[in-house]
Amino acid sequence: MADNARAKRLADLIREVVAQKLQRGIKDPRLGSHVTITDTRVTGDLREATVFYTVYGDDEERASAAAGLESAKGILRSEVGRAAGVKFTPTLTFVADALPETARTIEDLLDKARASDAKVREASSGATFAGEADPYRKPGDEEDGAAAE
């Protein structure tokens, strides 16, 4: 087992190498400038690397980018091996990152909360407080209440 710092350094190196190779070295039209490498994770034994990516576009472009990444997996792995200089080059697995969908869901929930807050603000704009201005009893008030009974 490798230590976590070494796995983190290797993950960062893999992310950089894959991103640079996608930007400059791969001539596949499915992997244009709309593919972004967001994160990379390496297992503790440094044998497998998971590369997370996002694609700017619709579902068809996401599917074609996934197919392009799968076809370029061997070239990308050899580049990683050349740059890393480790005994065993990790196998690469490409996973579409759920970050954009999660961010969109959070934005929708925040919009709903803002709308709900606006409704509450409108409903309470003309409202007054229940009870008196000073709801606490004072020492003189207790004597007045006992005398009235």
Side-chain angles (χ1 to χ4, degrees), residues 1-139 141:
M1 289 295 260
D3 59 293
N4 288 336
R6 185 172 180 200
K8 176 74 172 134
R9 284 193 312 266
L10 183 61
D12 291 341
L13 178 71
I14 290 171
R15 186 181 70 239
E16 291 174 13
V17 169
V18 169
Q20 287 176 357
K21 191 67 176 172
L22 285 177
Q23 190 176 36
R24 297 188 188 132
I26 305 283
K27 302 294 184 204
D28 193 345
R30 298 175 291 187
L31 300 174
S33 62
H34 56 277
V35 176
T36 304
I37 304 300
T38 56
D39 193 20
T40 306
R41 295 188 186 143
V42 178
T43 58
D45 60 356
L46 306 179
R47 295 282 182 162
E48 298 175 12
T50 305
V51 180
F52 295 93
Y53 68 94
T54 59
V55 179
Y56 183 75
D58 57 356
D59 290 334
E60 182 179 321
E61 289 177 352
R62 288 186 190 115
S64 68
L69 285 171
E70 284 299 316
S71 69
K73 187 185 287 190
I75 296 168
L76 294 172
R77 184 173 182 224
S78 64
E79 282 295 318
V80 166
R82 191 174 297 126
V86 292
K87 184 175 182 179
F88 180 81
T89 304
T91 59
L92 301 178
T93 305
F94 292 97
V95 176
D97 199 355
L99 185 68
E101 290 82 19
T102 305
R104 193 173 309 120
T105 303
I106 290 173
E107 284 296 323
D108 291 343
L109 291 173
L110 288 173
D111 289 339
K112 287 180 185 176
R114 285 186 199 107
S116 174
D117 288 347
K119 287 180 185 177
V120 169
R121 200 173 304 118
E122 286 177 17
S124 66
S125 63
T128 59
F129 291 106
E132 301 172 4
D134 188 12
Y136 299 106
R137 291 185 182 180
K138 296 186 173 70
D141 291 343

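Computed over heavy atoms, backbone and side chain alike; hydrogens, waters and symmetry mates excluded.
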In Å, rounded to the nearest 0.5 Å, how long is the span from [atom1] of [X] to [atom2] of [Y]?
X: E70; Y: T93; atom1: CD; atom2: OG1; answer: 8.0 Å
X: T38; Y: D97; atom1: OG1; atom2: CG; answer: 3.5 Å
X: R82; Y: T89; atom1: CZ; atom2: OG1; answer: 10.0 Å

[X] and [Y]: which non-hydrogen atoms are nearest, and at how many Å?
X: A49; Y: I14; answer: CB-CD1, 3.8 Å
X: A84; Y: L13; answer: CA-CD2, 3.5 Å
X: I75; Y: K21; answer: CG2-CE, 3.9 Å
X: F88; Y: R77; answer: CZ-NH2, 3.6 Å
X: D59; Y: R62; answer: OD1-NH1, 2.8 Å

Quiz item: Going through the distances and angles, do L10 and L46 end up as a side-chain contact (heavy atoms from CB on, under 4.5 Å)?
Solution: CA-CA 8 Å; L10 183 61; L46 306 179; 3.9 Å; yes

Quiz prompt | Steps toward salt bridge (Lys or Arg N to Asp or Glu O under 4.0 Å) verdict (R114, D117) | solution = CA-CA 5 Å; R114 285 186 199 107; D117 288 347; over 6 Å; no

Exercise. Please lay out, stage by stage, how L69 and L22 fare under the test side-chain contact (heavy atoms from CB on, under 4.5 Å).
Key: CA-CA 9 Å; L69 285 171; L22 285 177; 3.9 Å; yes

Exercise. Please report the C-alpha distance between Y53 and V18 in whole Å, then the side-chain angles of each, then the deciding distance to 0.1 Å, and finally whether the side-chain contact (heavy atoms from CB on, under 4.5 Å) criterion is met.
Key: CA-CA 11 Å; Y53 68 94; V18 169; over 6 Å; no

Quiz item: Hey, mind stepping through F52 and R41 against side-chain contact (heavy atoms from CB on, under 4.5 Å) and telling me if it holds?
Solution: CA-CA 8 Å; F52 295 93; R41 295 188 186 143; 3.8 Å; yes

Under-4.0 Å salt bridge between [X] and [Y]:
X: E107; Y: R104; answer: no
X: R15; Y: D12; answer: yes
X: E122; Y: K119; answer: no

